[in-house]
Amino acid sequence: MKMVKLEEEFPILNKIERGEEIVWLNPQKTSFAESMQECELTMQDVEEAEERLKRFAPFIEACFPETKNKNGLIESELIDIPYMKDTINQKYGSNLKGRLLLKQDSHLAIAGSVKARGGIYEVLKHTEDLALEQGLLTLEEDYSCLADPKFREFFSQYTIQVGSTGNLGMSIGIMGAAVGYHVIVHMSADAKQWKKDLLRSHGVTVKEYDSDYSEAVREGRRLSQLDPKSYFVDDENSKTLFLGYAVAAKRLVGQLEEKGIRIDESHPLFVYIPCGVGGAPGGITFGLKQVFQDHVHCFFVEPTQSPCMLVGMVTGLNNKISVQDMGLSGMTHADGLAVGRPSGFVGSVMKRTLSGEFTIQDGKLYDYMRDFLKSEQIFLEPSACAAFQGAVQMGKSSEIEKYLAENHLTENHLTENHLAENNLVENQPKGNHLAENHLASLMQDSVHIVWATGGSLVPEEIREEYKNTYLEPEKA
Ligand SMILES: *Cc1c(COP(=O)(O)O)cnc(C)c1O
């Protein structure tokens, strides 16, 4: 009975239930200023997280020599991907305008995925809390002392537990083991064998479940509560994880500046991020909104069979509804996104902030993966490739056209600046056809970031397997 009513109220649910790819615009999105009135987190929280990561940088550098070139900061490159833009427009019938970039969290040090932001940050925050509490450390000290055996011995009496579809477990497990904790990762059925093997090689305890992610989290939470020396990283509710992800935004400002890219009223930024439980894309979006405010437009991408954040946001029920409630399987090749129920906390923060969502069928994850390898010679894991769906739809979907019109992003503009910048004044043909010839829509100056969330640790033989995976399109 209840479901019938929901579908009447939100007709897009019919398409979602049939497993169709959709484009959804968030009707509740509002201005940045207004959206922040109801939000308990602020820029100051993000800055505190950033400071904490700086304090830990000497420790990270000491434990993980691969971070030496960034002085112990875990940060990824931002690169242009013009050939992929051509592929998107030629092969997928899109008409994406502007500059297309890739944020390579797929290649973040230590964990090889976006989880190297949130997961590692939460382990470090817990470590600092414990050490300060015990008077073992002051905020002014050089944290590289934490690599000392006496600290490792201290932390070895404590346990950290986490539920994971794979990547979160890897970030918590590797960093937790480096600090000296006993780490227990509760892995859902979707988790890949190589991720479990890699964790065990770091001395992490991996518990395997036949069930989905929510069940692995529930069991991990329960077992952790039984042990007073155990700390649970709660992906479904953690504000700490969220803030760790949010730190990405301020660093991105500098990277854009280095490339001479401006983001302002006439240079809008669009960002496409794959979404599982919502912590990573939610935290990144929160951070981006703080720095670019109304000039950034953030979209999530989820698999058609596990669009948990979408279902939660469309209905407003957040974590009170699951994809299984909609008759979807929750099964997807995108292991990082195989989540049936979203974080309620993230849903509430995104309610007035997120621009919209796209969904993608599994088969396309592999198509985009092959396209990207061919055009830019970079490997990304299937979950990460979901983000390309955003770039394709941006130049294609009629819903998006509506979004651009509503946000005054389709208007032509021909400002003095624009003319000067593009050298149009000098090159102006006699007879002044300038207005017709060079009228540029604002989208010509738009910037698009595909947020690549994982892939660099995927072993060669698994990459080969992925390259040869072809799936039939799902029938509605
Ligand atoms: C975890 C993950 C995501 C999504 O993060 P959530 O916090 O679960 O929403 C996206 N891509 C990859 C590769 C991931 O591992």
Side-chain angles (χ1 to χ4, degrees), residues 76 103-108 110-122 162-173 185 187-188 190-192 195 212-214 216-217 233-246 248 271-287 298-303 306-310 312-313 319 323 330 332-347 349-350 354 357-358 360 365 368-369 379-390 450-458 462 466:
S76 69
K103 182 61 177 159
Q104 281 189 288
D105 279 7
S106 46
H107 293 65
L108 279 173
I110 303 172
S113 81
V114 68
K115 305 296 193 306
R117 298 186 184 280
I120 286 177
Y121 174 67
E122 182 146 357
V162 64
S164 175
T165 63
N167 286 343
L168 183 63
M170 290 213 293
S171 76
I172 306 271
V185 178
M187 286 282 202
S188 65
D190 305 280
K192 303 282 185 232
K195 295 184 181 176
D212 78 345
Y213 177 70
S214 303
V217 171
V233 177
D234 196 340
D235 199 15
E236 289 178 337
N237 298 292
S238 171
K239 298 191 175 81
T240 306
L241 276 174
F242 187 87
L243 290 171
Y245 293 121
V271 183
Y272 316 104
I273 323 172
C275 177
V277 75
I284 292 167
T285 295
F286 179 80
C298 298
F299 293 87
F300 292 174
V301 190
E302 294 185 279
S306 65
C308 64
M309 185 60 71
L310 175 68
M313 287 190 73
N319 58 341
V323 300
T332 168
H333 284 240
D335 52 334
L337 316 180
V339 179
R341 194 183 289 278
S343 155
F345 156 65
V346 174
V349 182
M350 289 300 106
L354 190 69
E357 282 230 22
F358 306 100
I360 179 172
L365 300 170
Y368 290 150
M369 191 195 80
F379 173 84
L380 301 176
E381 66 182 89
S383 296
C385 293
F388 290 116
Q389 180 81 342
V450 168
W451 210 282
T453 46
S456 64
L457 293 188
V458 177
I462 311 281
Y466 287 161

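Start at 1 and go down the list; that is how both ligands and their atoms are numbered. Positions are given from 1 along the sequence.
At distances below 3.5 Å, at least one donor-acceptor pair connects side-chain atoms of S456 with backbone N or O atoms of S106. In this structure, the side chain of T165 engages the main chain of D335 through a donor-acceptor pair within 3.5 Å.
Remark: E381 does not engage K115 in a salt bridge, criterion side-chain N to carboxylate O under 4.0 Å.
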Check ligand 1 for N or O atoms under 3.5 Å from a protein N or O and list each pair with its distance.
unit_1: ligand 1; atom_1: 7 (O); unit_2: G279; atom_2: N; d: 3.2
unit_1: ligand 1; atom_1: 7 (O); unit_2: A280; atom_2: N; d: 2.8
unit_1: ligand 1; atom_1: 8 (O); unit_2: V277; atom_2: N; d: 3.0
unit_1: ligand 1; atom_1: 9 (O); unit_2: G276; atom_2: N; d: 2.7
unit_1: ligand 1; atom_1: 9 (O); unit_2: V277; atom_2: N; d: 3.2
unit_1: ligand 1; atom_1: 9 (O); unit_2: G278; atom_2: N; d: 2.7
unit_1: ligand 1; atom_1: 11 (N); unit_2: T453; atom_2: OG1; d: 2.7
unit_1: ligand 1; atom_1: 15 (O); unit_2: K115; atom_2: NZ; d: 2.7
unit_1: ligand 1; atom_1: 15 (O); unit_2: N167; atom_2: ND2; d: 2.7

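A distance of 6.0 Å separates OG in S343 from CG in N237, rounded to the nearest 0.5 Å.
Side-chain atoms of M313 and L354, non-hydrogen and from C-beta on, do get closer than 4.5 Å to each other.
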Evaluate the criterion side-chain contact (heavy atoms from CB on, under 4.5 Å) for residue pair D235 and V162; output intermediate values, then yes/no.
CA-CA 8 Å; D235 199 15; V162 64; 5.6 Å; no

